[in-house]
Amino acid sequence: MTTTQAEPRLTPAQVESYRQDGYLIYKQPVLPQEKFDSLKAHFEQLLAELPAGERPEAMDVPHFLHPELLKWALDDAILDLVEPITGPDIALYSTHFICKPKGNGKRVPWHEDSAYWNHRITPMEVVTVWLALDPSRKENGCMMVIPETHRIGQKGFSDYSDVDLTKNVFHNEIVKEHRDDSQRVYIELEPNQCSLHDARIQHGSEPNTSTLRRCGWTLRFTPTTVKFSDFKGSHQVYLARGQDRAGNTYADPTKANPEIMAVRAGSTGFKNSH
């Protein structure tokens, strides 16, 4: 757990934009360059160690096996971006390296994170930091959002239908009747820039058929006023800053948890990609 910084990194106008639109693009460096470079090098090592045949889009909750990642996830530079939205008491819900290889990176269907986390987080107050490790552009399948869908229409809980799993990262997508693709906004970022988005906003990404890899790290934070469900050994959360406000249990950020990964091997309930 880290201490708070006096100067917030988001202005009141940026916070209001996030609340109205459901997302915010942050074009300034997120981490000090030396820290970002060390994170990138660590990610490259983990990517190189992936078992043969395992897709790089599927590097979900890597911190359960590699708790050293939490020194970056819980860095003040990141928490100071989140605190203007969550308040001073912050929990880390999850992280995920989502890496689309050049040439054959899979499409991510239109979805809402909240639809996958329903009944696990109450109320559904989650802000995701999408930290670019590579350039993330329209040409290589950057994330897209449909603004304001976190607070209008289905408000994070749309109906879904099946899609082809050989072409998509997961098997279902928001039905066309519940989304307007023409309103999409492309979230283009340079390395060490980020976007922030509400768990309820509709978002996805196109396949990467370019010659440029597209990798990012998602970090998902909540205020500690939310109540987490009983994960039954398949997940755990961390106190990032401040104190608990809802009687939750938090994990030790210094310990690896291979037993959780063993439980999760039989379930896709927490998988999520962008």
Side-chain angles (χ1 to χ4, degrees), residues 22-23 50-51 53-62 93-121 124 126 128 130 132 134 136-189 195 197-218 220 234-235 264-274:
Y23 75 99
L50 271 184
E54 186 169 327
R55 293 287 304 188
E57 293 97 339
M59 298 173 69
D60 198 12
V61 290
Y93 177 67
S94 190
T95 80
H96 186 164
F97 287 120
I98 171 65
C99 186
K100 290 187 180 184
K102 59 184 180 181
N104 70 346
K106 286 188 175 184
R107 174 179 181 266
V108 176
W110 287 107
H111 67 286
E112 305 127 328
D113 300 338
S114 49
Y116 296 92
W117 301 335
N118 197 14
H119 306 305
R120 294 171 180 149
I121 305 172
M124 187 57 65
V126 187
T128 291
W130 202 107
D134 297 330
S136 185
R137 300 170 182 158
K138 185 176 180 180
E139 68 185 271
N140 65 343
C142 69
M143 187 171 72
M144 308 174 292
V145 301
I146 302 180
E148 302 184 9
T149 48
H150 67 303
R151 61 183 183 87
I152 61 174
Q154 304 303 308
K155 300 179 182 179
F157 299 99
S158 300
D159 292 338
Y160 285 71
S161 59
D162 290 341
V163 293
D164 184 353
L165 193 55
T166 66
K167 298 177 180 178
N168 293 272
V169 171
F170 44 84
H171 66 86
N172 57 6
E173 180 169 45
I174 297 170
V175 296
K176 292 181 178 180
E177 294 79 8
H178 285 176
R179 67 179 206 264
D180 182 356
D181 298 6
S182 70
Q183 298 301 308
R184 65 185 178 272
V185 173
Y186 292 92
I187 310 296
E188 296 193 293
L189 301 167
S195 63
H197 69 264
D198 187 293
R200 297 166 295 176
I201 198 169
Q202 295 180 353
H203 56 291
S205 60
E206 297 295 347
N208 182 12
T209 58
S210 77
T211 59
L212 183 66
R213 190 186 74 173
R214 193 227 70 171
C215 296
W217 193 25
T218 61
R220 310 178 190 282
S234 66
H235 196 70
R264 291 169 64 91
S267 170
T268 59
F270 290 94
K271 287 188 180 293
N272 198 269
S273 308
H274 304 90

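Just so we're clear, the structure is a prediction, and the values are computed from it rather than from any experiment.
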message: How long is the straight-line distance from OG of S94 back to CG of D60, given to the nearest 0.5 Å?
response: 5.5 Å
- prompt: What closest approach, in Å, do C215 and D134 show between heavy atoms, and which atom pair accounts for it?
  reply: N-OD2, 3.0 Å
- line: All heavy atoms of L189 vs all of S195, minimum pair found to be CD1-N, 3.9 Å
message: If you apply the rule salt bridge (Lys or Arg N to Asp or Glu O under 4.0 Å), what do you find for D198 with R151, and how did you get there?
response: CA-CA 10 Å; D198 187 293; R151 61 183 183 87; over 6 Å; no
query: Going through the checks in order, is the ring-ring contact (aromatic ring centres under 6.0 Å, His included) test met by H235 and Y93?
result: CA-CA 9 Å; H235 196 70; Y93 177 67; 4.7 Å; yes
- request: Any chance you could measure Q154, atom CD, to T149, atom OG1, to the nearest 0.5 Å?
  value: 10.5 Å
query: Which value, rounded to the nearest 0.5 Å, describes the distance between S210 atom OG and R137 atom CZ?
result: 9.5 Å
message: Determine whether W117 and V126 satisfy the following criterion, side-chain contact (heavy atoms from CB on, under 4.5 Å), listing intermediate values before the conclusion.
response: CA-CA 10 Å; W117 301 335; V126 187; 3.8 Å; yes
task: Under the side-chain contact (heavy atoms from CB on, under 4.5 Å) rule, what do M143 and H197 come out as? Steps first, then yes or no, please.
output: CA-CA 11 Å; M143 187 171 72; H197 69 264; 3.6 Å; yes
field: Min side-chain heavy-atom separation V169-R55 under 4.5 Å
entry: no
field: Between E139 and Y186, a side-chain donor and acceptor under 3.5 Å
entry: no
task: Give the minimum heavy-atom separation between P56 and M59, together with the two atoms involved.
output: O-CG, 3.6 Å
message: Nearest 0.5 Å, please: how far is CZ in R214 from SG in C142?
response: 7.5 Å
message: Keeping S158 on the side-chain end and I174 on the backbone end, is there a donor-acceptor pair under 3.5 Å?
response: no
field: Near-ring test H111/F170, centroid separation under 6.0 angstrom
entry: yes
- prompt: Would E173 and R107 pass as an ion pair if we require N to O under 4.0 Å?
  reply: yes
query: Taking R264 for the side chain and S234 for the main chain, is one N or O donor matched with an acceptor at less than 3.5 Å?
result: yes
- prompt: Can you check whether S136 reaches I187 side chain to side chain, under 4.5 Å on heavy atoms?
  reply: no
- prompt: Looking at D113 and R220, what are the two nearest heavy atoms and their distance?
  reply: OD2-NH1, 3.4 Å
task: For N208 and P101, work out which heavy atoms get closest and say how close.
output: ND2-O, 3.2 Å
- request: Looking only at non-hydrogen atoms, find the nearest pair between G22 and H150 and report the distance.
  value: N-CE1, 3.2 Å
message: As an exercise, state the distance from CD1 of I146 to CG of D181, rounded to the nearest 0.5 Å.
response: 5.5 Å
message: Checking the side chain of T218 only, and the main-chain atoms of H96 only, is there a donor and an acceptor separated by less than 3.5 Å?
response: yes
message: Would M144 and W110 count as a side-chain contact (heavy atoms from CB on, under 4.5 Å) here? Give the steps.
response: CA-CA 9 Å; M144 308 174 292; W110 287 107; 3.7 Å; yes
message: To the closest 0.5 Å, what do you measure between CG (N140) and CD (E188)?
response: 8.5 Å
